[in-house]
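One-based numbering, in listed order, for ligands and for the atoms of each. A quick note: this is a predicted structure, and the numbers were derived from the prediction, not measured. Both backbone and side-chain heavy atoms feed into the values below; hydrogens, waters and symmetry mates do not.
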Amino acid sequence: MNHTHSESIYEEAIQYIPGGVNSPVRAFKSVGINPIFVERAEGSKIYDVDGNEYIDYICSWGPLILGHGNEHVLRGIEEQLKKGTSYGVPTLIEVEMAKLIVDAYKGIDKVRMVNSGTEATMSALRAARAYTGRNKILKFEGCYHGHSDALLVKSGSGTITYGVPTSPGVPEDVIKHTLVCRYNDMDEVRAIFKEHGEDIACVIVETVSGNMGLVPGKKEFLQLLRDITHEYHSVLIFDEVITGFRLGYGSSPEYFGIEPDMACFGKIIGGGLPVGAYGGKNAIMDMISPVGPVYQAGTLSGNPLAMYAGKNTLEYLRDHRNVYDELDQKASVLEQGIRNNLKKLGLNLAVTRVGSLIGLFFISGKTENYDDVKECDLVRFNIYFKEMLQRGILIGPAQFEAMFVSTAHSKEDIEKTIEANYEALKCAYQL
Ligand code: HOZ
């Protein structure tokens, strides 16, 4: 595969952009190669500037549940484009979008649109702190909730990929209120609440973590979080930036049968345009300005282009509920194919799947928390990544990211991926 043009763009990019990229994991640095630069994408495929074609399992890190350039999503954007790109004055589409989210998601009464998942979680914390009058927050090691200061502590995604789970530049004073427990560890949660419960404003959690590889939250763990936050009058926040409208149209409350007090969204609700949202019960959301005193604002919040892309995505998902069965079926074939390959090759690697999210860990044994997965064999993962890329399969260029299956992935795509997985594993383990 020729990457000449990508290489030359990269050389220029690093002169003007830190690391040549606008989000660290895109640099492919952890897998030891330079990034590919994308020319265009369609359906399940991405085409780079050198004309190479890849079956894409990054899917923009989750938003593209309907694949690239889905006609329903594009139609919404095209219609709005003719009417203007941003007003800074309210629009009907914002109301329709909010109604769609509130109707779909059990447990929340109101929602505020923002521009990214980071903004959503940061703002949700502020609302929860103001509502409870408390400062402490509880998060879990390896969960990633964007890059606001208070949450960039023992974080996941690119932070563990690059070995800085707690970032320099975040003042100690700011994070002294951030408590951290091990994911899926019920004893740690009980112990921390025993010690600090009366001071904990909120617990924020990814119900299925997609940022330390794919590590599903256990139902009993999430239920404990629900029960203990009730007991201590803390706010339970589900970070649904990855899982929202991905686990099913009703997201985590439907999937796990557990309702939080607040939820944060991004990715799918923007249909591939920049978006975020946070929602919650009336009593919490009415703390927010201009109803209440908690300030949060944004020039492009509720941007009409993003709203149309999101609305058309959500309406499609709402009106075609079989898409979730279809996605589950496709991802299950892929998961099974990977498991069969591992068996044929005599490899004992951990595979996880929740609906259309898949994780393949270069480690055997348990994958319940960050302590379990941090021992993954990154050298072998890197070989695997490069071999997959060579075979026209694009997965996240880091062990600690998930694979995203979309409705655009065809039977042939999945078959080709399973074949490539077999060959790439063989290379990674020199078999
Ligand atoms: N934080 C994202 C992965 N979990 C990466 C986003 C991006 O690089 O586009």
Side-chain angles (χ1 to χ4, degrees), residues 6 10 13-14 17-31 33-38 41 46 48 54 56-65 68 114-122 139-149 151-167 183 204-216 239-244 246 264-276 306 352 354 356-361 370 373-374 376 381 385 389 394-406:
S6 276
Y10 179 63
I14 53 177
I17 309 174
V21 289
N22 283 311
S23 190
V25 75
R26 296 181 202 175
F28 289 35
K29 197 172 158 193
S30 64
V31 288
I33 56 172
N34 294 334
I36 53 162
F37 282 74
V38 176
I46 268 191
D48 70 16
Y54 307 93
D56 177 25
Y57 291 97
I58 295 179
C59 286
S60 190
W61 303 97
L64 304 178
I65 193 166
H68 293 276
V114 289
N115 298 290
S116 69
T118 292
E119 242 189 280
T121 53
M122 178 184 77
K139 74 174 289 285
F140 297 92
E141 191 170 12
C143 284
Y144 178 72
H145 306 288
H147 59 88
S148 68
D149 284 353
L151 290 166
L152 215 45
V153 180
K154 296 199 178 172
S155 198
S157 188
T159 69
I160 47 179
T161 298
Y162 292 125
V164 275
T166 306
S167 175
Y183 195 61
I204 186 164
V205 66
E206 290 183 83
T207 56
V208 174
S209 180
N211 288 296
M212 47 178 146
L214 186 76
V215 177
D239 179 341
E240 300 258 19
V241 171
I242 289 178
T243 45
R246 167 75 59 181
C264 299
F265 304 93
K267 302 198 191 265
I268 287 178
I269 65 156
L273 266 68
V275 93
T352 52
V354 179
S356 52
L357 300 167
I358 299 181
L360 167 60
F361 294 91
Y370 177 57
V373 302
K374 72 178 180 207
C376 280
F381 172 81
F385 171 84
L389 194 72
L394 180 64
I395 59 169
Q399 167 71 88
F400 301 111
E401 304 288 352
M403 273 174 96
F404 296 89
V405 178
S406 78

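- In this structure, atom 9 (O) of ligand 1 lies nearest to the protein heavy atom Arg26 NH2, 2.8 Å.
- Checked against Phe400 for a side-chain contact (heavy atoms from CB on, under 4.5 Å), the options Val373, Thr159, Val25 give a single hit: Val373.
- Close approach to Asn211 involves these atoms of ligand 1, each under 4.0 Å from a residue heavy atom: 4 (N).
- Residue Tyr144 has no N or O atom closer than 3.5 Å to an N or O atom of ligand 1.
- No side-chain donor-acceptor contact under 3.5 Å links Gln399 and Thr161.
- For the pair Ile204/Thr121, a side-chain contact is recorded, criterion being any heavy-atom separation below 4.5 Å from C-beta on.
- For atom 2 (C) of ligand 1, the nearest protein heavy atom (residue, atom name, distance) is Ser157 OG, 3.9 Å.
- The six-membered or imidazole ring of Phe381 lies away from that of Phe361, with a centre-to-centre distance of 6.0 Å or more.
- Of the polar atoms of Lys267, none of the N or O atoms is found under 3.5 Å from an N or O of ligand 1, judged by distance alone.
- Between Phe385 and Phe28, the two ring planes are perpendicular [angle over 60°; tilted spans 30° to 60°].
- Protein heavy atom in closest approach to atom 8 (O) of ligand 1: Ser23 OG, 2.8 Å.
- Ligand 1 places these atoms under 4.0 Å from at least one heavy atom of Glu401: 3 (C), 4 (N).
- In this structure, the side chains of Lys139 and Val205 stay at 4.5 Å or more apart for every pair of heavy atoms.
- From the protein, the heavy atom lying nearest to atom 5 (C) of ligand 1 is Val25 CG1, 3.7 Å.
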